[in-house]
Every structure is written in C-alpha cells, then in structure tokens.
Protein chains: 2
Amino acid sequence: MFELDIRSRQPIYEQLVEKIKEFIIREVWGPNEQLPSVRLLAKELTINPNTIQKAYRELEHQGYIYSIPGKGHFVATQPEEVSREKLETAKQQLLKLLCEAFYIGMKKDAILSLVDEAEQIAGGGDPR
Amino acid sequence: MFELDIRSRQPIYEQLVEKIKEFIIREVWGPNEQLPSVRLLAKELTINPNTIQKAYRELEHQGYIYSIPGKGHFVATQPEEVSREKLETAKQQLLKLLCEAFYIGMKKDAILSLVDEAEQIAGGGDPR
DNA sequence: CAACTGTACTATGATATATATTACAGTTAG
DNA sequence: CTAACTGTAATATATATCATAGTACAGTTG
C-alpha cells in the first residue's frame with residue numbers, strides 16, 4: 001500500500017504522514033472513510049504499531065483525520081483553512097527553490113519547460 | 001557570518017555546507033580564496049571545531065574546496081562536472097516540487113507568477 | 001463473550017549529532 | 001629555531017530521536 005524507505009534519514013512515521021496526506025489531498029481516500037487500523041497497517045508494513053500510531057496522531061493534530069476510540073481513524077472533511085494553509089506552504093517552498101534555481105544560473109526557459117513537464121506528469125489542471 | 005539554527009532538525013554541519021556552497025556558487029568567495037580556519041570559525045560561531053571540520057570534509061569531498069595541511073582550506077576552481085551535476089540536482093528537485101504543486105491543485109498561472117517573482121528576487125538572469 | 005478498535009506507558013537498543021579533549025605534523029612569521 | 005598558526009586524527013561522553021517490544025486498559029461490535 002505504501003512504499004517506505006527504512007534506511008532513509010526521514011523517519012518512517014513522517015514518510016507515512018506524507019503518503020497518507022497525499023491520499024487524502026487527492027481524494028483517493030474520501031471524507032469519513034475509515035483508515036486501516038493501527039495494528040493491521042503495522043502488520044502489512046511489517047513495522048511497529050507504535051510507529052503507525054505516531055503517524056496517525058500527527059495527522060489528527062494537523063486536522064487531516066479524526067479518531068473514535070474503540071472504532072477507528074477516519075478521514076476528516078477538509079476545512080477551507082487546511083487547504084489554504086497547505087497551498088501557502090507549497091507556494092513558499094516553490095518560491096524558495098525557484099530563487100535558488102535562478103541563483104545557480106538556471107535560465108528562465110529551462111524553468112518554464114520544467115513547468116510544462118510537471119504539468120504533463122501531474123495530469124495538468126482539471127482532467128475533465 | 002552565518003546564521004545557524006541550533007535547534008533545527010537539520011544538522012549544524014549540513015547547514016554550514018549549504019551556506020558555504022551558496023557563497024561559492026554565487027562567487028562571494030572566489031576560486032583559491034582561503035576559508036576561515038577550522039578553529040577560528042568554530043570560535044566565531046561558538047560551535048565545536050570538529051563540526052566545522054566535518055563540514056569542510058564534506059565540501060572537499062563534493063569538490064567545492066580543497067585543503068593544504070598546515071596552510072588551510074581554499075575554494076576550488078569549479079570544474080564543469082560539478083556545475084552540471086549541481087544543475088541536474090536542482091532540476092530534479094524543482095520538477096518534483098512542481099509536480100506536487102500541480103497535484104494539490106495549484107494553477108499554472110499561479111506557478112508562472114511565482115517564477116516571475118523568483119526572477120525578480122534573484123536578480124533575474126545576467127545582471128549586466 | 002470474543003475479537004476487534006484506540007490509547008497509554010515503560011523499557012531497550014540503535015543511530016546520529018555535537019561536544020570536550022588530546023595529540024601530532026606541516027607552515028610561516030619573527 | 002621557536003611560537004603560533006594551520007589541518008588531521010582519535011577517543012570518550014552526552015544527548016536526542018527513532019523504532020521496537022511488550023503490557024495494559026477501555027470502548028465498540030457481532
């Protein structure tokens with residue numbers, strides 16, 4: 001279900017948080033859908049349940065999921081603020097990297113063609 | 001001279017490597033210019049000499065500087081390969097981030113305006 | 001009741017980071 | 001030559017983070 005890199009410097013639980021975020025953002029998992037239980041996912045990924053719980057706790061703290069003790073974890077209905085904040089973070093990261101690209105001498109043409117390439121890879125805007 | 005974040009999750013020596021790289025890339029420090037000695041820089045930044053040495057070792061390994069035992073560390077004359085590799089790495093990072101931007105629903109217009117913004121901040125192409 | 005769920009806690013091991021300290025050899029100015 | 005710089009290496013120590021193992025308890029559901 002997820003591809004985790006055990007030997008990465010990025011902690012497993014953080015990788016999990018990112019992957020699950022993507023699933024939620026792209027609506028692979030819709031609102032109120034139940035996530036795999038802590039123990040089940042731990043078994044599937046052959047990692048410790050505590051690690052899963054840590055990821056779920058973080059996701060809950062960030063507002064992406066909610067939990068009902070005894071029942072399970074569920075995808076939250078994304079409030080507007082979360083989406084806006086998410087977009088703002090992405091913009092800042094992108095701006096920083098773009099600045100660095102200019103600094104090290106990348107030409108604008110090269111950057112623009114990267115934008116086109118990314119657009120194609122990502123499916124480009126609305127796929128309707 | 002450098003602004004380091006002690007409490008950052010990124011190691012101090014890595015922060016140092018990045019900062020010094022930028023200095024070299026932007027030619028704030030020119031080829032064959034001498035870098036601060038391990039002990040001096042350690043004192044100025046109030047961190048351990050070993051940490052500076054680790055950063056210098058890494059920079060030497062990556063080809064950005066060279067060292068002469070007994071004399072000091074000096075900025076290397078950047079071979080073509082280093083520049084090319086650097087550019088390739090930057091392109092890959094940028095492409096990844098651009099893909100993610102599209103994934104989370106950023107519009108192409110928004111991205112293009114970020115490119116313009118970055119161009120202005122970075123001074124935009126050749127400043128002649 | 002049994003088998004799930006979440007949650008909490010302790011203990012342990014592994015690893016990375018930064019520090020302190022000492023030591024030795026090359027370079028250079030006085 | 002000597003003193004004061006340089007780089008380099010090695011050891012020991014402290015600390016923080018991460019992941020694991022194990023146990024326990026309470027809520028939910030068929």
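Chain A is the first sequence line, chain B the second, and so forth, proteins listed ahead of strands; every chain is numbered from 1. Note that this is a predicted model, so its numbers are computed, not measured.
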Worksheet item: Which whole-number value in Å describes the distance from A:E58 CD to D:dA19 P?
Response: 13 Å
Worksheet item: Separation of B:Y66 atom OH from D:dG7 atom P, in whole Å?
Response: 13 Å
Calculate, to the nearest 0.5 Å, the distance between atoms [atom1] and [atom2] belonging to [X] and [Y] respectively.
X: A:H73; Y: A:I52; atom1: NE2; atom2: CD1; result: 10.5 Å
X: A:L40; Y: A:L45; atom1: CG; atom2: CG; result: 9.0 Å
X: A:L98; Y: B:L98; atom1: CG; atom2: CG; result: 6.5 Å

Response to the item:
Letter by letter from the 5' end, nucleotides 16-25 of chain C scores (B base, S sugar-phosphate only, - none; protein heavy atoms under 4.0 Å) -SSBBB-B--
Worksheet entry | Set of side chain to side chain donor-acceptor pair (under 3.5 Å) partners for B:E22, sequence neighbours left out | B:R26
Worksheet item: In terms of the nearest nucleotide of DNA chain D, which residue is placed more toward the 5' end: A:K71 or B:L40?
Response: B:L40
Worksheet item: Taking the six-membered ring for Trp, are B:F23 and B:F2 ring centroids under 6.0 Å apart?
Response: yes
Discussion item. Using OP1 and OP2 only, check whether a side-chain N or O of A:S67 sits under 4.0 Å from C:dG6.
Written reply: no
Worksheet item: Are OP1 or OP2 of C:dT5 and a side-chain N or O of A:H73 less than 4.0 angstrom apart?
Response: no
Worksheet item: Charged N to carboxylate O below 4.0 Å: is that the case for B:E14 and A:R9?
Response: yes
